[in-house]
Amino acid sequence: PNYSIEAWIHPTELGTWNRLVLHWGSGPIYAYHLAIHNGTLSLCHGQADGKYIFCEGGMIATGQLKHIVGVARRNEEDPAQSTLTVYLNGRPTGTARFDGTVGTLEDGLGIGDSPDIPSAGSRFRGYVDEIAIWNRALSAEEIQAHCRVPERIEALRQSELARKRLQQERIKAELAQ
């Protein structure tokens, strides 16, 4: 199984777990989830044998826009050499091996929390944009290209700067009166 989970996130609060994308179900065999675990990007991958492999790396703080990706890449020639990789802002920050299998589920997909086992304390709190789930492993080059700051985010930044300048001009005008 090859897959990639990608999103832009801007967390406003962080807890022990902050669930982003889950194909988790109610167990005992789980597929995957991409989350923040103790401020670190985390991809948890459930293998067909019921074993869970965690791939973690890259610190995430509140109040910052981040591009995150979790990738499962099956090695067809030697499945035991298959890899999980997490990327933060276009750079690989963690890698782990898995057996080339994935747990299968009929249950739904959750964004921000599990649809089957919701947990208020583990929900993602913040903003999420451009979530994409791919049925293939994105290449490092594709991830770097996707990570380039979208034009609309730059436009929002420019808009915020213009709003602050206008506010400062109003304050100066009021003080001058």
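Only heavy atoms go into these numbers, but all of them, side chains included; no hydrogens, no water, no symmetry mates. Note that the coordinates shown come from a computational prediction; the quantities given were computed from them, not determined experimentally. Throughout, numbering of the chain's residues begins at 1 and tracks the sequence.
Considering every non-hydrogen atom in both Phe124 and Arg19, the closest pair reads CB-O, 2.9 Å. Residues Arg73 and Ala137 share a closest heavy-atom pair of NH1-CB, 3.2 Å. Across all their heavy atoms, Ile60 and Pro11 have their closest contact at CG2-CG, 3.7 Å. Nearest heavy atoms, Gly94 versus Cys55: O-SG, 3.3 Å. Nearest heavy-atom pair across Leu84 and Ala72 is CD2-CB, 3.6 Å. The two residues Asp99 and Arg74 come nearest to each other via the heavy atoms O-NH1, 4.5 Å.
By the 4.5 Å side-chain criterion applied to Ile, Leu, Val, Met, Phe, Trp and Tyr, Met59 is assigned to no cluster and stands alone. In the hydrophobic clustering (ILVMFWY side chains linked at under 4.5 Å, chained through shared members), Ile171 is joined by Leu175.
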Test side-chain contact (heavy atoms from CB on, under 4.5 Å) on His146 and Leu138 and set out the steps. CA-CA 10 Å; His146 295 178; Leu138 293 174; 4.2 Å; yes
Applying side-chain contact (heavy atoms from CB on, under 4.5 Å) to Ile68 and Leu88, what does each step give before you reach the verdict? CA-CA 5 Å; Ile68 61 168; Leu88 182 60; 3.8 Å; yes
Determine, stepwise, if the pair Glu6 / Ser4 fulfils side-chain contact (heavy atoms from CB on, under 4.5 Å). CA-CA 6 Å; Glu6 176 180 35; Ser4 301; 5.9 Å; no
Audit row: Thr83, Asn75, side-chain contact (heavy atoms from CB on, under 4.5 Å) steps and yes/no: CA-CA 8 Å; Thr83 57; Asn75 183 324; over 6 Å; no
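Separating the OG atom in Ser82 from the CD1 atom in Ile53 is a distance of 11.0 Å, to the nearest 0.5 Å.
Between His33 and Phe54, the angle of the ring planes goes over 60°, which puts this pair in the perpendicular group of the 30/60° scheme.
Listed by first then second residue, pairs satisfying side-chain hydrogen bond (donor to acceptor under 3.5 Å, both in side chains) with a partner in residues 37-46 read Tyr3-His45, His37-Glu56, Ser42-Glu56, not counting sequence neighbours.
Other residues, nucleotides and ligands place more than 12 heavy atoms under 6.0 Å from the CZ atom of Arg136.
Between the Thr12 side chain and the Arg125 main chain, a donor and an acceptor come within less than 3.5 Å of each other.
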